[in-house]
2 protein chains.
Amino acid sequence: MDLEQLADALKALADPTRLKMVSLLNIRDCCICELVPLFGISQPAVSKHMSRLKTAGLVHETRKGMWVFYALDKERLAGIGLSLAHLPDMSGELRRLERQGLLVQCL
Amino acid sequence: MDLEQLADALKALADPTRLKMVSLLNIRDCCICELVPLFGISQPAVSKHMSRLKTAGLVHETRKGMWVFYALDKERLAGIGLSLAHLPDMSGELRRLERQGLLVQCL
DNA sequence: GTACATTATAATTATATGGTTATGTCCGGT
DNA sequence: ACCGGACATAACCATATAATTATAATGTAC
């Protein structure tokens with residue numbers, strides 16, 4: 001996962017409301033109408049948050065009659081955590097700086 | 001770490017520029033003047049990004065003569081990754097919904 | 001087809017974010 | 001003391017974000 005994509009995924013998670021939603025979906029799938037009373041916000045607001053999580057690949061939706069159930073993609077979530085633990089190697093960038101004589105030497 | 005704090009920490013990371021900065025600091029400590037030529041942005045912009053990371057507890061600074069070197073707090077970064085893997089248990093919220101008869105039953 | 005329940009989209013608004021330029025602060029060298 | 005380099009802060013601007021209300025779209029039941 002490149003840094004642009006990782007930043008997008010983190011942006012989707014970087015909101016207390018969505019983090020709580022993800023934590024709930026970690027227990028079991030939920031539909032919008034169950035989430036609304038748990039948060040102090042309107043139904044469209046909940047819907048938009050789920051849409052954001054869906055775009056980030058963190059949840060998947062399934063229609064069941066009138067309801068749309070959302071399920072957490074646990075592998076995707078774990079993948080984001082792992083990406084933080086395995087950031088790309090930027091040694092090349094530092095070598096490039098060195099070639100240009102821009103590295104600061106002190107001590 | 002509660003969800004508000006976790007969201008704040010994730011916000012600090014949820015930017016491609018800052019993610020790249022963190023990746024660089026993962027190799028070695030850097031000062032602002034080294035970072036500026038690596039990003040296409042002004043010195044104050046770099047400074048503000050580092051300030052954001054500092055507020056989130058992700059980096060620490062040390063003055064060395066004219067320069068201010070920034071060091072990545074690797075434990076803090078790892079802690080954020082782990083928090084994603086161990087989200088709080090929200091079973092209580094769901095039980096509360098059930099008591100109120102708001103859980104959707106289908107199939 | 002009508003009526004109702006659930007969810008999604010549109011339009012709007014207030015605040016947050018990320019960039020800029022200009023200026024202030026701190027340190028080292030002469 | 002003064003000047004110049006490195007960094008931080010301030011003021012400003014454009015865009016993104018998260019909420020709202022109003023309205024459309026979808027599905028069930030009669």
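Numbered from 1 within each chain, the chains take letters A, B, ... in sequence-line order.
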Heavy-atom nearest nucleotide on DNA chain D taken for A:Pro44 and for B:Pro44; more 5' hit belongs to B:Pro44

Contacted region of DNA chain C by chain A, from 5' end to 3' end of the hits, cut-off under 4.0 Å to heavy atoms, spans C:dT6 to C:dT9

Can you tell me the distance, in whole Å, between the [atom1] atom of [X] and the [atom2] atom of [N]?
X       : N      : atom1 : atom2 : result
B:Lys64 : D:dG5  : NZ    : C1'   : 18 Å
B:Asp29 : D:dC7  : CG    : P     : 13 Å
A:Phe69 : D:dG27 : CZ    : P     : 16 Å

For A:Arg76, check salt bridge (charged side-chain N to carboxylate O under 4.0 Å, His left out) against everything at least two apart and list the hits. none

Look up atom CG in B:Leu72 and atom CD1 in B:Ile27, then write down how far apart they are to the nearest 0.5 Å. 10.5 Å

Counting only N and O atoms by type, is there a donor-acceptor contact under 3.5 Å from the side chain of [X] to the main-chain atoms of [Y]?
X       : Y       : answer
B:Ser47 : B:Gln43 : no
B:Arg18 : B:Lys11 : yes
B:Gln5  : B:Asp2  : yes
B:Glu34 : B:Cys31 : yes
A:Lys74 : A:Asn26 : yes
A:Arg63 : A:Gly65 : yes

Any residue in residues 46-57 of chain A with a heavy atom nearer than 4.0 angstrom to DNA chain C? Just list them by number, or reply none. A:Ser47

Can you list, by residue number, the residues of residues 4-21 of chain B that have a non-hydrogen atom closer than 4.0 angstrom to DNA chain C? B:Lys11, B:Asp15, B:Thr17, B:Arg18

Can you list everything that forms a side chain to side chain contact (heavy atoms under 4.5 Å, CB included) with B:Arg95? Sequence neighbours excluded, please. B:Ser91, B:Glu98

In terms of heavy-atom contacts, does CD of B:Glu75 have more than 12 from other residues, nucleotides or ligands at under 6.0 Å? no

Under the side chain to side chain donor-acceptor pair (under 3.5 Å) rule, collect the residues that match up with B:Lys54, sequence neighbours excluded. B:Glu61

Under 4.0 angstrom, heavy atoms only, what part of the nucleic acid is B:Phe39 near: base, sugar-phosphate, or nothing? nothing

